[in-house]
Number of protein chains: 2
Amino acid sequence: MRAVQDCMDVLNGKWKIAIISSICYYSKRRFSDILNDVDGISNKMLSKELKELEINQLVKRTVLDTQPVTVQYELTDHGWSLRTIIENLTNWGIEHRKKIFES
Amino acid sequence: MRAVQDCMDVLNGKWKIAIISSICYYSKRRFSDILNDVDGISNKMLSKELKELEINQLVKRTVLDTQPVTVQYELTDHGWSLRTIIENLTNWGIEHRKKIFES
DNA sequence: CGGGATCCCCATTGATACTG
DNA sequence: CAGTATCAATGGGGATCCCG
């Protein structure tokens, strides 16, 4: 019971799951790419959420020495371990949509 | 990607997962019991979240003809199908706690 | 017991503009 | 490009009281 909350504390906020999904799908992803992937998110929110994910060691941030600057985000091993959950959530979402559609 | 959001739309709010976990664990659970299970939730929020879960057909509400009234909450088959996800989240939460503790 | 109604606040989010 | 800064608004959520 407590453990579920520990998990949700890390995945709190409106966008965390979607952000992780995006990075997870593409392995490596840039700031502006994620901004496009996640529908409706603002740069401010993305910045904030990514920072939190980094603190919780789910995401690794890498600055590439290009002009202009490129920043890569990728999942850490720990973040990567959420893959199963993401998949389950996705599958459930699909099933749920069917369910609601039928009724 | 969209599907993950469909799922999270249903599980939104601060308390949904915890509430489902509570009911899931006990199979049937009363309002005041859930109120105790979920640490920090207010009756207003519990009431509201349960209503939403009912609308999304994850939870079934049954009023028992006692004095005073007893209300049972249980998961529908659809709600029950979240069991795997709950378990995954729980396990991940435990692992995460270890991880953070080490660092 | 299981909520509903009210009041109220502040944290989260949005929109926009700006910068290295 | 990858953010930061600032201002403003909304609604999530707490506290309390009430009711059948």
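Residue numbering restarts at 1 for every chain, and letters A, B, ... go by the order of the sequence lines.
If you measure from atom CG of A/L50 to atom C1' of D/dG3, you get 11 Å, rounded to the nearest angstrom. Rounded to whole Å, atom P of D/dG3 lies 8 Å from atom NZ of A/K51.
Panel note: side chain B/S21, backbone B/I17; a donor-acceptor pair is recorded below 3.5 Å. Side chain of A/E54 to backbone of A/V59: no donor-acceptor contact under 3.5 angstrom is found.
With salt bridges taken as basic N to acidic carboxylate O contacts below 4.0 Å, one links B/E52 and B/K16.
Here OG1 of B/T90 is found 6.5 Å from CD1 of B/I94. Values are rounded to the nearest 0.5 Å. A distance of 10.5 Å separates CH2 in B/W92 from CE in A/M8, rounded to the nearest 0.5 Å. Separation of atoms CD (A/Q57) and OG (B/S103) is listed at 4.0 Å; rounding is to 0.5 Å. In this structure, CG on B/D9 lies 8.5 Å from NE2 on A/H96, to the nearest 0.5 angstrom.
Ring-plane geometry between B/F31 and B/Y73 is classed as tilted, the angle between the planes lying from 30 to 60 degrees on a 0 to 90 degree scale.
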Let me see the working for A/E74 and A/S27 under side-chain hydrogen bond (donor to acceptor under 3.5 Å, both in side chains), right down to the final yes or no. CA-CA 6 Å; A/E74 54 193 314; A/S27 296; over 6 Å; no
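Within the structure, every side-chain polar atom (N or O) of A/Y73 is placed at least 4.0 Å from both OP1 and OP2 of D/dC1.
For the helix from C/dC1-D/dG20 to C/dG20-D/dC1, the terminal axes (five pairs an end, C1' atoms, rotation from four pairs onto the next four) enclose an angle of 60°, given to 10 degrees.
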Can you check each nucleotide of nucleotides 9-14 of chain D against protein heavy atoms at under 4.0 Å and return B for base, S for sugar-phosphate only, - for none, in 5' to 3' order? ----BB
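Smallest separation of non-hydrogen atoms from B/L75 and B/I23: N-CG2, 3.8 Å.
First and last contacting nucleotides of DNA chain C toward chain A (any atom under 4.0 angstrom from a heavy atom, 5' to 3' order): C/dT13 to C/dA17.
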